[in-house]
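A quick write-up on the structure given underneath.
So that the names make sense, note that chain A is the first sequence line, chain B the second, and so on, each numbered from 1.
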2 protein chains.
Amino acid sequence: MYAGIEAGGTKFNCIIAEDPQNILVETRIPTTTPHETLTRVVNFFLEESLSRKITLKSLGIGSFGPLDLNKRSTHYGCITSTPKTAWQNVNIVKELEDRLHLPIDLDTDVNAAALGELYWGAGQGLQNILYLTIGTGIGGGAIIARKPYHGLLHPEMGHIFLAQPFSEDDFKGVCPYHSHCFEGLASGPALKARWGRDAALLEPHHPAWDQETFYIAQALSTYINVLSPEIIILGGGVMQQTHLFPLIRIKVIELLNGYLQIPAILENIDQYIVPPGLGTRSGVLGAIALARSLVD
Amino acid sequence: MYAGIEAGGTKFNCIIAEDPQNILVETRIPTTTPHETLTRVVNFFLEESLSRKITLKSLGIGSFGPLDLNKRSTHYGCITSTPKTAWQNVNIVKELEDRLHLPIDLDTDVNAAALGELYWGAGQGLQNILYLTIGTGIGGGAIIARKPYHGLLHPEMGHIFLAQPFSEDDFKGVCPYHSHCFEGLASGPALKARWGRDAALLEPHHPAWDQETFYIAQALSTYINVLSPEIIILGGGVMQQTHLFPLIRIKVIELLNGYLQIPAILENIDQYIVPPGLGTRSGVLGAIALARSLVD
């Protein structure tokens with residue numbers, strides 16, 4: 001059995017499992033202070049493994065960030081410049097290693113979700129996939145040659161700049177760092193700031209969705225031109241609005257405008273831009289995939 | 001000795017070399033019809049290797065595209081949807097294999113250039129690098145884990161969409177496929193269409209350069225957020241305007257606005273956004289690097 005944590009800004013989803021068919025136990029711990037949250041996480045894993053008489057092989061963590069994932073850095077394992085100030089510079093790997101005595105692998109929440117989808121979801125059998133979450137924030141995880149990709153730091157795909165659909169539109173977005181970035185313009189909080197209601201309360205024919213479609217399709221066409229993924233998996237709260245999928249697919253084809261002669265996109269867009277195969281569990285099962293890739 | 005071809009829309013640069021210090025011979029063949037061009041290319045390699053009594057081990061080709069680089073595809077080796085209609089569906093690998101009887105590796109011109117920079121230029125010792133050419137066209141090549149990256153097709157980085165620096169600006173760019181894409185807005189022909197003169201003839205204080213800086217910096221910040229490269233190498237005709245480098249560096253820092261706490265960018269931008277270590281020869285020497293990686 002393996003331990004997994006999907007560490008988010010509002011809650012830590014913890015799981016003990018082998019794969020999606022063999023889940024022993026799951027829990028949700030609210031994100032409060034680092035000390036309180038991590039203590040409850042540790043207690044969950046210790047108590048569950050003790051009472052069920054199981055040995056945990058390893059722990060995978062998919063976390064909010066930005067993170068220091070460079071194993072040669074002295075800050076490896078730290079959450080770095082997050083707006084959640086209490087969590088700045090918290091070394092989540094060290095804190096948990098010291099108390100759980102398990103091999104730990106840390107990655108971004110979206111890289112973990114992408115790995116979960118590669119192992120057991122929509123990305124099975126592929127080499128290079130993109131998982132995007134569009135919800136409270138926007139982030140992207142890339143699997144390249146079947147491995148989570150980092151580069152110098154790790155991708156921060158929600159912060160690419162986008163053009164406005166109408167030149168008279170002067171909404172600059174809600175990102176405190178960037179004017180006109182994807183997250184600032186198209187995340188759940190952006191929809192709320194612009195239309196005064198939660199995304200879930202906007203009816204399917206509300207003009208918000210045309211604009212949202214334009215932003216998402218524009219971002220996807222950028223990812224296609226830069227990363228050329230074999231599939232794009234869209235998760236997160238905003239994508240629970242499943243009527244967006246067909247709108248986004250049509251708009252992506254329209255924006256690419258025939259420049260890329262790729263049958264997988266032009267003839268099979270329904271299988272190219274898809275919801276997660278693991279539903280809302282890509283992240284937490286991705287943490288199990290991380291744990292497994294560390295020791296198997 | 002290895003053979004290399006940098007296949008471009010206006011000329012084919014051909015080279016016989018071992019590395020940058022050991023170049024035996026180079027030539028330029030104008031790009032005309034596929035038959036005429038490839039015949040001259042074949043004759044060059046046959047005559048030179050015969051008269052100099054050398055054996056060529058392999059041939060690397062960095063070509064304009066889009067290309068079919070999928071070795072399992074029946075169209076592997078083809079130039080596909082290029083606007084140069086005479087070259088559409090020409091199988092450059094097969095044509096040259098049949099006549100030269102050498103192992104051949106084909107990649108995009110920019111991936112070849114990126115590999116050349118990795119082997120012998122600004123990217124030596126790194127794992128994940130980005131090479132961008134800004135000239136007649138705009139394209140990007142990515143090396144990931146020391147290998148040229150393809151994905152589903154291959155990146156077409158020049159075709160990402162950009163925001164306009166001023167909302168009243170109604171120039172849509174010169175790309176026949178996309179309104180407001182990077183290549184359409186910032187390539188050499190875009191500068192010429194907008195300002196009525198070749199980029200080389202625009203004085204350093206011409207307002208064109210402020211706008212060009214904004215476009216390039218915006219694109220680089222997108223690549224940083226999506227690919228997180230360890231270095232960005234800028235080549236191509238427009239980047240011969242070396243006064244652009246400091247302007248672009250300042251603007252990238254300004255656009256990222258402190259969100260990514262990466263010392264390699266924040267404290268070392270002069271070593272992060274750089275001209276090619278191989279000058280204007282990244283592409284043709286990159287073809288040699290491709291040839292070597294095939295047989296070494």
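Interface summary for chain A: among B:S228, B:G258, B:A264, B:P66, the most heavy-atom pairs under 4.5 angstrom belong to B:S228. Chain A forms the most heavy-atom pairs under 4.5 Å with one residue out of B:I262, B:L130, B:V226, B:L260, and that residue is B:V226. With respect to chain A, the highest number of heavy-atom pairs below 4.5 Å among B:I224, B:I231, B:L256, B:I129 belongs to B:L256. Heavy-atom pairs under 4.5 Å with chain A were tallied for B:D68, B:T80, B:I265, B:I144; the largest tally goes to B:I144. By number of non-hydrogen pairs under 4.5 angstrom with chain B, the leading residue of A:K147, A:H150, A:H154, A:H180 is A:H154. Contact tally against chain A (heavy-atom pairs below 4.5 Å) for B:L126, B:L162, B:L255: the top residue is B:L255.
Of the atoms belonging to A:Y149, it is side-chain heavy atoms, and not backbone ones, that fall under 4.5 Å from chain B. Residue contact with chain A, scored on non-hydrogen atoms closer than 4.5 Å, involves the backbone and the side chain of B:F161 alike. Neither the backbone nor the side chain of B:Q127 comes within less than 4.5 Å of any heavy atom of chain A.
Judged by distance alone, the side chain of B:N225 and the main-chain N or O of A:H159 form a donor-acceptor pair under 3.5 Å. The closest donor-acceptor contact from the side chain of B:N257 to the backbone of A:Y177 lies under 3.5 Å. Under a 3.5 Å cut-off, the side chain of A:T222 and the backbone N or O of B:I160 do not form any donor-acceptor pair.
Atom CG of B:N89 sits about 9.5 Å away from atom CD of A:Q261, to the nearest 0.5 Å. Rounding to the nearest 0.5 Å gives a distance of 8.0 Å between NE2 of B:H178 and OH of A:Y259.
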